[in-house]
*Asks:* 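Shown below is the structure under consideration.
All heavy atoms count here, side chains included; hydrogens, waters and symmetry mates do not. Bear in mind that the values here come from a model prediction, so they are computed numbers and not experimental data.
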Amino acid sequence: MSFIDNTRKPTGSGGKLMVAAMNIGHRALAGWGLGFLEINDGAEILDCGCGGGANIKKLLGMNKSGRVNGIDYSEVSVVKARAVNRAAIAGGRCEILRAGVTELPFTDAAYDIVTALETVYFWSDPRKSFGEVRRGLKGGGTFFIFN
């Protein structure tokens with residue numbers, strides 16, 4: 001698998017390295033970007049394309065009594081994200097599933113905030129994905145895209 005393919009959908013040992021590198025390499029930019037996101041404590045948040053889970057961990061820290069769930073279509077990413085957020089998962093504040101944005105595995109109007117941090121350019125069907133995000137958002141919810 002090529003380097004570019006492993007940024008899109010990490011697989012194998014190269015994908016494991018890619019996900020770990022992304023958690024470190026994107027830290028400063030993601031921290032800056034998330035500083036613009038207003039989160040009411042207790043919010044229900046979904047991170048679409050959660051990668052290695054570093055942004056989920058940051059969002060959990062910003063939302064002390066709320067929940068942050070994540071999805072990614074890469075099994076390598078899901079495994080890493082679950083490991084990074086093991087304590088929050090055990091505490092019932094987080095769930096991370098292998099899924100794509102075109103068919104979110106959640107009920108309608110489940111989230112106050114849906115994030116897409118450095119990921120929308122990988123979405124295969126943006127129109128359908130944006131429709132799914134809208135379906136998942138509560139009325140007055142926020143769709144936060146950061147690239």
*Asks:* Rounded to the nearest 0.5 Å, what separation is found between the CG atom of L137 and the CD atom of E132?
*Replies:* 11.0 Å
*Asks:* Once you round to the nearest 0.5 Å, how far does CG of N69 lie from CG of L59?
*Replies:* 11.0 Å
*Asks:* Heavy atoms only: give me the nearest G49-D72 pair and the separation to one decimal.
*Replies:* C-OD2, 3.3 Å
*Asks:* Under 4.0 Å between a side-chain nitrogen and a carboxylate oxygen: does that hold for K138 and D112?
*Replies:* yes
*Asks:* Minimum heavy-atom separation for I145 to F130, with atom names?
*Replies:* CD1-CZ, 3.9 Å
*Asks:* Side-chain contact test, heavy atoms from C-beta onward, threshold under 4.5 Å: evaluate it for V84 versus I56 and give yes or no.
*Replies:* no
*Asks:* Could you measure the distance from the CG atom of D47 to the OG1 atom of T115? Nearest 0.5 Å is fine.
*Replies:* 3.5 Å
*Asks:* A side-chain contact here means heavy atoms from C-beta on lying under 4.5 Å apart; do E118 and N55 qualify?
*Replies:* no
*Asks:* Which value, rounded to the nearest 0.5 Å, describes the distance between R98 atom CZ and S77 atom OG?
*Replies:* 10.0 Å
*Asks:* Find the distance between CG (D41) and CE (M62) and round it off to the nearest 0.5 Å.
*Replies:* 11.0 Å
*Asks:* Taking all non-hydrogen atoms of both residues into account, name the closest pair between C48 and L104 and its distance.
*Replies:* SG-CD2, 4.3 Å
*Asks:* Could you tell me whether N40 atom CG has more than 12 heavy atoms of other residues or ligands within 6.0 Å of it?
*Replies:* no
*Asks:* Measure the shortest side-chain to side-chain distance between I45 and F144 over non-hydrogen atoms and say whether it is less than 4.5 angstrom.
*Replies:* no
*Asks:* Quick one: CD on E44 to CZ on F106, what's the gap to the nearest 0.5 Å?
*Replies:* 10.5 Å
*Asks:* Side chains of L34 and I39: closer than 4.5 Å at any heavy-atom pair?
*Replies:* no
*Asks:* Take atom CZ of R135 as the centre, draw a 6.0 Å sphere, and report whether it contains more than 12 heavy atoms from other residues, nucleotides or ligands.
*Replies:* yes
*Asks:* At their closest point, which heavy atom of A88 faces which heavy atom of L60, and how far apart are they?
*Replies:* CB-CD1, 3.4 Å
*Asks:* For I96 and C50, work out which heavy atoms get closest and say how close.
*Replies:* CG2-SG, 3.9 Å
*Asks:* What are the two closest non-hydrogen atoms of F143 and A116, and how far apart are they?
*Replies:* CE1-CB, 4.0 Å
